[in-house]
**Student:** 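Quick one: this structure, given as structure tokens, is what I'll be asking you about.
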Amino acid sequence: QCDWSPDVCSSDLHGLAQHQGSHQQQRFPMKPAMTSRVRTMNANLRKINLHLSSQVICLHVSNEHLGEINRKMSGPKYRWQGHNAQPQRRPRLLNFNHRLLRRVFSRGSMELGGRFYGGWWQYIPSENRPFITINGLATTEIDFSELHPRLLYLTQGLPPPSGDLYDISLYIDDQPYDATVEPYASQRKLVKEVFNALLNDETRRYKPSRKDLADVGITFAKLKSLIFKRHPPLKDVIGKGVGLQFQFLDSQIAEMVMLK
């Protein structure tokens, strides 16, 4: 992976390249070739960061609530390895000064990956995002539902199936499907995770956790079979790295939205 984070006040590109092997990771400094396209991305990222640096982005919560968020983010789910050679994982800290973004590319290509990272709001528990304010004003979160499944069909010139794309017709005790309640909420979460993992699985060695499979009451083989039955085009792209291509597409959408 290549972490690309130009200084908001500098014309130089500063980044970090990360080569991922099968058993270890190696990181080394890297600058992308300054093509016209890279210069445009650089200018756009600088424009976005200049705007973000002048905004007051906060959480409208009590000090007690803020303490609860910090405690939750210090747990194993929210710990991170960081961008250095240290192998240990450290607690993620909520720091409201972390407003500037960087783009993370992969495989040494500026057309693979490319998502934006770095804003503190990206890492807080999702249930706390409704409390985000910008310059004292309330915000709302708009989501592109089932983005990568829809990109899969779009790039193949096919219409997506109707309904919830993570509904694989695995119905329980004749209960109608409702992704907002159990047991379907957990089922949909697992289907979404497995679908997107398969989309990015270039080694064909991905397996979900046994606990997640047991909680839903299904084997991995059966789950894959149902996903492929619901989405035949997925089977044709496994191992081809299209997940990183889709990440670049959704990063371009994010860039256009932020530049508006």
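For clarity, every value in this text was computed on a predicted model and none was experimentally measured.
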**Student:** For residues His231 and Pro161, determine if any side-chain heavy atom of one lies less than 4.5 Å from a side-chain heavy atom of the other.
**Tutor:**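 Of all side-chain heavy-atom pairs linking Pro161 with His231, at least one is under 4.5 Å.
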**Student:** Are Leu198 and Tyr166 grouped together when hydrophobic residues (ILVMFWY) are joined by side-chain heavy atoms under 4.5 angstrom apart?
**Tutor:**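 Leu198 and Tyr166: one cluster.
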**Student:** With sequence neighbours left out, what residues match Glu193 under side-chain hydrogen bond (donor to acceptor under 3.5 Å, both in side chains)?
**Tutor:**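 Expected list: Tyr206.
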**Student:** Can a salt bridge be assigned to the pair Arg107 and Glu202 using a cut-off of 4.0 Å between side-chain N and carboxylate O?
**Tutor:**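 A salt bridge links Arg107 with Glu202.
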**Student:** Between Arg99 and Ser54, which heavy-atom pair has the shortest distance, and what is it?
**Tutor:**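 It is NH1-N, 4.4 Å.
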**Student:** Output the distance between atom CG (Leu151) and atom CD (Gln247), rounded to the nearest 0.5 Å.
**Tutor:**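 Answer for the CG-CD pair, Leu151 versus Gln247, is 11.0 Å.
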**Student:** List for me each residue that meets side-chain hydrogen bond (donor to acceptor under 3.5 Å, both in side chains) alongside Thr219, sequence neighbours excluded, and say none if there are none.
**Tutor:**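 Residues passing side-chain hydrogen bond (donor to acceptor under 3.5 Å, both in side chains) with Thr219: none at all.
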**Student:** Locate the shortest heavy-atom distance separating Asn97 from Asn95; write the atom from each residue and the value.
**Tutor:**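 Distance-wise, the nearest heavy atoms are N-OD1, 2.8 Å.
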**Student:** Can you name the salt bridge (charged side-chain N to carboxylate O under 4.0 Å, His left out) partners of Lys211, sequence neighbours left out?
**Tutor:**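 Scan of Lys211 (salt bridge (charged side-chain N to carboxylate O under 4.0 Å, His left out), adjacent residues dropped) gives Asp215.
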**Student:** Return the set of residues passing salt bridge (charged side-chain N to carboxylate O under 4.0 Å, His left out) with Lys222 (not counting sequence neighbours), or none when no residue passes.
**Tutor:**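 Per chain and number, Lys222 pairs via salt bridge (charged side-chain N to carboxylate O under 4.0 Å, His left out) with no residue.
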**Student:** Checking His51 side chain against Met258 main chain: does a donor-acceptor pair fall under 3.5 Å?
**Tutor:**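 Flag not set: sc His51 to bb Met258 has no pair under 3.5 Å.
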**Student:** Just wondering, do Thr139 and Thr133 contact through their side chains at under 4.5 Å, heavy atoms?
**Tutor:**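 In short, these two side chains do not touch, never coming nearer than 4.5 Å.
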**Student:** Enumerate donor-acceptor pairs with a distance under 3.5 Å from any side-chain N or O in residues 56-71 to protein atoms, sequence neighbours excluded.
**Tutor:**
from: Ser62; atom 1: OG; to: His65; atom 2: N; distance (Å): 3.1
from: His65; atom 1: NE2; to: Asn128; atom 2: OD1; distance (Å): 2.9
from: Asn70; atom 1: ND2; to: Leu66; atom 2: O; distance (Å): 3.3

**Student:** Identify each donor-acceptor pair in which a side-chain atom of residues 112-119 lies under 3.5 Å from a protein atom, sequence neighbours left out, and give them as a table.
**Tutor:**
from: Arg115; atom 1: NE; to: Asp250; atom 2: OD1; distance (Å): 3.2
from: Arg115; atom 1: NE; to: Asp250; atom 2: OD2; distance (Å): 3.4
from: Arg115; atom 1: NH2; to: His148; atom 2: NE2; distance (Å): 3.4
from: Arg115; atom 1: NH2; to: Asp250; atom 2: OD2; distance (Å): 2.9

**Student:** Report the residues that fulfil side-chain hydrogen bond (donor to acceptor under 3.5 Å, both in side chains) with Ser186, sequence neighbours left out, ordered by chain and then residue number.
**Tutor:**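 Counting only residues at least two positions away or on another chain, Ser186 forms a side-chain hydrogen bond (donor to acceptor under 3.5 Å, both in side chains) with Glu182.
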**Student:** Out of curiosity, does Phe131 fall in the hydrophobic cluster containing Phe96 (side-chain heavy atoms, cut-off under 4.5 Å, transitive links)?
**Tutor:**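 Hydrophobic grouping puts Phe96 with Phe131.
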**Student:** Applying salt bridge (charged side-chain N to carboxylate O under 4.0 Å, His left out), which residue pairs with at least one partner in residues 137-158 are found, sequence neighbours left out?
**Tutor:**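 Listed once each, the pairs are Arg129-Glu141, Glu146-Arg150, Glu146-Arg188.
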**Student:** Would you check, one step at a time, whether the test side-chain contact (heavy atoms from CB on, under 4.5 Å) holds for Ile168 with Lys229?
**Tutor:** CA-CA 8 Å; Ile168 56 173; Lys229 182 179 179 180; over 6 Å; no
**Student:** Treating Ser225 as the side-chain partner and Ala221 as the backbone partner, does any N or O pair qualify as donor plus acceptor under 3.5 Å?
**Tutor:**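 Answer holds: no.
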**Student:** Are any non-hydrogen side-chain atoms of Thr155 and Leu249 less than 4.5 angstrom apart?
**Tutor:**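 Yes, side chains in contact.
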**Student:** Taking salt bridge (charged side-chain N to carboxylate O under 4.0 Å, His left out) as the definition, give me every residue that meets it alongside Arg37, ordered by chain and number, with sequence neighbours left out.
**Tutor:**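 With sequence neighbours excluded, Arg37 shows a salt bridge (charged side-chain N to carboxylate O under 4.0 Å, His left out) to Glu111, given in chain and number order.
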**Student:** State, with a plain yes or no, whether a side-chain heavy atom of Lys192 is found less than 4.5 Å away from one of Leu165.
**Tutor:**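 They are not in side-chain contact.
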**Student:** Could you tell me the separation between the CG atom of Leu213 and the CD1 atom of Ile218, rounded to the nearest 0.5 Å?
**Tutor:**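 Atom-to-atom, Leu213:CG and Ile218:CD1 are 8.0 Å apart.
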**Student:** Tell me the closest heavy-atom pair linking Pro125 and Lys72, and the distance in Å.
**Tutor:**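 So the minimum-distance heavy-atom pair works out to CG-CD, 3.8 Å.
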**Student:** Going by the side-chain hydrogen bond (donor to acceptor under 3.5 Å, both in side chains) test, which pairs reach into residues 169-179, not counting sequence neighbours?
**Tutor:**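 Residue pairs passing side-chain hydrogen bond (donor to acceptor under 3.5 Å, both in side chains), neighbours aside: Asp164-Tyr177, Asp167-Tyr171, Asp178-Thr180.
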**Student:** Taking all heavy atoms of Asp212 and all of Leu190, pick out the closest pair and write down the distance.
**Tutor:**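 Closest pair (atom of Asp212, atom of Leu190, distance): O-CD2, 3.7 Å.
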**Student:** Please tell me whether Phe144 and Leu152 are part of a single hydrophobic cluster in this structure, the criterion being side-chain heavy atoms less than 4.5 Å apart.
**Tutor:**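 Yes, it is one cluster - the side chains of Phe144 and Leu152 are joined through contacts under 4.5 Å.
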**Student:** Working to the nearest 0.5 angstrom, can you tell me the gap between Lys235 NZ and Ile227 CD1?
**Tutor:**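 Separation between the atoms: 12.5 Å.
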**Student:** Working to the nearest 0.5 angstrom, can you tell me the gap between Lys260 NZ and Glu255 CD?
**Tutor:**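 It is 12.0 Å, given to the nearest 0.5 Å.
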**Student:** So, taking the atom named CG in Asn49 and the one named NZ in Lys47, what distance separates them when rounded to the nearest 0.5 Å?
**Tutor:**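 Rounded to the nearest 0.5 Å, the CG-NZ separation comes to 13.0 Å.
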**Student:** Kindly work out whether a path of hydrophobic side-chain contacts (I/L/V/M/F/W/Y, heavy atoms less than 4.5 Å apart) joins Val242 to Phe248.
**Tutor:**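 No, no single cluster joins them.
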**Student:** To the nearest 0.5 angstrom, please state how far the CG atom of Leu244 sits from the OG atom of Ser109.
**Tutor:**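 Nearest 0.5 Å value for the CG-OG distance: 9.0 Å.
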**Student:** Would you please say whether a donor-acceptor pair under 3.5 Å links the side chains of Arg103 and Ser251?
**Tutor:**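 There is such a pair (donor and acceptor under 3.5 Å, judged by atom type) between the side chains of Arg103 and Ser251.
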**Student:** Asp201 and Arg205: which non-hydrogen atoms are nearest, and at how many Å?
**Tutor:**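 What the structure gives for the nearest pair is OD2-N, 3.1 Å.
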**Student:** side-chain contact (heavy atoms from CB on, under 4.5 Å) with Leu137: which residues, sequence neighbours excluded?
**Tutor:**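 For Leu137, no residue satisfies side-chain contact (heavy atoms from CB on, under 4.5 Å) once neighbours in sequence are set aside.
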**Student:** Any idea which heavy atoms bring Tyr184 and Pro176 closest together, and the distance?
**Tutor:**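 Here Tyr184 and Pro176 meet closest at CE1-O, 3.2 Å.
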**Student:** Report yes or no: is the cationic atom of Lys224 (NZ for Lys, CZ for Arg) closer than 6.0 Å to the six-membered ring centre of Phe220, at no more than 45° off its axis?
**Tutor:**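 Ring-cation test returns yes.
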**Student:** Quick one: do Met110 and Phe246 end up in the same hydrophobic cluster if we chain Ile, Leu, Val, Met, Phe, Trp and Tyr together by side-chain heavy atoms under 4.5 Å apart?
**Tutor:**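 Different clusters.
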**Student:** Are side-chain heavy atoms of Phe228 and Ile238 found at a separation under 4.5 Å?
**Tutor:**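 Yes, close enough: below the 4.5 Å cut-off.
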**Student:** Linking Ile, Leu, Val, Met, Phe, Trp and Tyr through side-chain heavy atoms less than 4.5 Å apart, which residues share a cluster with Tyr153?
**Tutor:**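 Result for Tyr153 is Leu158.
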